[in-house]
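Data block below; observations after.
Worth knowing before you read on, the calculation uses all heavy atoms, side chains too, and leaves out hydrogens, waters and symmetry mates. Each residue takes its place number in the sequence, starting with 1.
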Amino acid sequence: MKKSYRVKSEKDFNAIFKVGQSFANRKFVIYKLEKKQKHFRVGISVSKKLGNAVMRNKIKRRIRHVLITHKLKLATLDFVVIARKGVEILTYPELEQNLLHVLKIAKIYQEGLSCEKEK
């Protein structure tokens with residue numbers, strides 16, 4: 001994922017948590033903040049409670065892959081994805097289904113747009 005698609009600074013994370021809205025299901029929490037920009041920006045948070053560094057990085061890679069796969073269907077705003085307990089035992093299709101579900105609840109994922117990969 002390109003740097004321009006990432007929320008990295010503590011200032012940006014705090015702004016999203018403080019001002020943004022939150023949405024959740026059993027496996028993920030999403031905080032979103034409306035912003036005028038060309039594309040979405042995402043921050044990913046995985047707690048140490050979910051496993052060692054290898055497991056946490058695996059979860060983050062899978063979340064990033066789902067977002068990249070569906071990036072043309074995502075709204076142009078800033079959001080943070082927080083993984084909850086139980087994500088570490090999900091298969092990739094289950095993780096994708098749960099993540100897309102909470103993104104639909106948050107109105108970040110828009111079903112009607114095309115899903116072709118951008119080069």
Side-chain angles (χ1 to χ4, degrees):
M1 187 176 287
K2 293 180 184 176
K3 282 188 179 182
S4 63
Y5 284 88
R6 292 188 240 159
V7 174
K8 288 296 260 184
S9 73
E10 184 179 353
K11 180 180 132 189
D12 288 341
F13 269 95
N14 288 338
I16 294 169
F17 289 137
K18 198 174 236 183
V19 182
Q21 298 174 296
S22 68
F23 303 89
N25 64 9
R26 290 177 182 251
K27 303 298 180 190
F28 295 100
V29 179
I30 302 280
Y31 284 87
K32 75 172 187 174
L33 180 63
E34 303 286 336
K35 271 195 160 180
K36 300 270 185 190
Q37 54 199 16
K38 294 180 184 177
H39 53 75
F40 70 91
R41 290 190 327 149
V42 64
I44 300 172
S45 174
V46 180
S47 170
K48 286 186 176 182
K49 292 178 182 178
L50 297 183
N52 61 12
V54 174
M55 179 56 68
R56 293 193 308 270
N57 286 325
K58 180 180 178 182
I59 293 167
K60 287 188 268 189
R61 280 194 314 272
R62 287 179 166 189
I63 292 170
R64 274 195 299 272
H65 188 267
V66 170
L67 295 173
I68 290 168
T69 304
H70 298 281
K71 75 178 177 182
L72 295 177
K73 292 186 176 185
L74 298 176
T76 57
L77 45 80
D78 287 357
F79 61 99
V80 175
V81 177
I82 301 171
R84 285 183 161 175
K85 192 85 175 139
V87 170
E88 69 277 8
I89 60 171
L90 295 178
T91 63
Y92 178 79
E94 292 171 335
L95 183 135
E96 181 178 29
Q97 181 183 6
N98 278 287
L99 184 56
L100 291 178
H101 174 257
V102 75
L103 289 171
K104 286 176 190 173
I105 292 171
K107 295 188 171 115
I108 296 172
Y109 181 77
Q110 299 156 353
E111 197 88 45
L113 299 175
S114 68
C115 192
E116 297 173 14
K117 286 195 176 181
E118 190 177 289
K119 293 186 181 184

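In the hydrophobic clustering of ILVMFWY residues, with side-chain heavy atoms under 4.5 Å counting as a link, I44 and Y109 come out together. The hydrophobic clustering, which links ILVMFWY residues whose side-chain heavy atoms are closer than 4.5 Å, places I30 and I16 apart. I82 is connected to V19 through a chain of hydrophobic side-chain contacts under 4.5 Å among Ile, Leu, Val, Met, Phe, Trp and Tyr, so both are in one cluster. V29 and F23 are members of different hydrophobic clusters when ILVMFWY side chains are connected at heavy-atom separations under 4.5 Å.
With 3.5 Å as the limit, one finds a donor-acceptor pair spanning the side chains of H65 and Y92. With 3.5 Å as the limit, one finds a donor-acceptor pair spanning the side chains of E96 and H70.
Around the CD atom of Q97, the shell of radius 6.0 Å holds no more than 12 heavy atoms that belong to other residues, nucleotides or ligands. The environment of K85 atom NZ is dense: over 12 non-hydrogen atoms of other residues, nucleotides or ligands sit within 6.0 angstrom. Within a 6.0 Å sphere centred on CZ of R6, heavy atoms belonging to other residues, nucleotides or ligands number more than 12.
Across T76 and K38, no two heavy atoms sit closer than the pair CG2-O, 3.4 Å. Scanning all heavy atoms of the two residues, the minimum distance from V7 to F79 falls at CG2-O, 4.4 Å. Contact record, L77 with K35: CB-N, 4.3 Å, taken as the closest heavy-atom pair. Heavy-atom minimum distance, R56 versus S47: CD-O, 3.3 Å.
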- Decide side-chain contact (heavy atoms from CB on, under 4.5 Å) for R41 and D12; before the verdict, give the C-alpha distance in whole Å, the side-chain angles of both, and the deciding distance to 0.1 Å. CA-CA 10 Å; R41 290 190 327 149; D12 288 341; 3.2 Å; yes

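Note: I108 CD1 to L100 CG = 11.0 Å, rounded to the nearest 0.5 Å. Taking CD1 of I105 as the reference point, atom CZ of F28 lies at 12.0 Å (rounded to 0.5 Å). Taking NZ of K58 as the reference point, atom CD of E88 lies at 10.5 Å (rounded to 0.5 Å).
Between L103 and L67 there is a side-chain heavy-atom pair separated by less than 4.5 Å. In this structure, I59 and L50 have side chains that are in contact, with non-hydrogen atoms separated by less than 4.5 Å. Using a 4.5 Å heavy-atom cutoff, the side chains of R62 and L99 are not in contact.
Checked by atom type and distance alone, the side chain of R26 never pairs as donor or acceptor with a backbone atom of R84 at under 3.5 Å. The backbone N or O of V80 lies less than 3.5 Å from no partner atom in the side chain of K32, so there is not a single donor-acceptor pair.
Stacking of K71 on the aromatic ring of F40 is not recorded, the 6.0 Å distance cut-off and the 45° axial limit not both being met.
By the 30° and 60° cut-offs, the orientation of the rings of Y31 relative to F17 is perpendicular.
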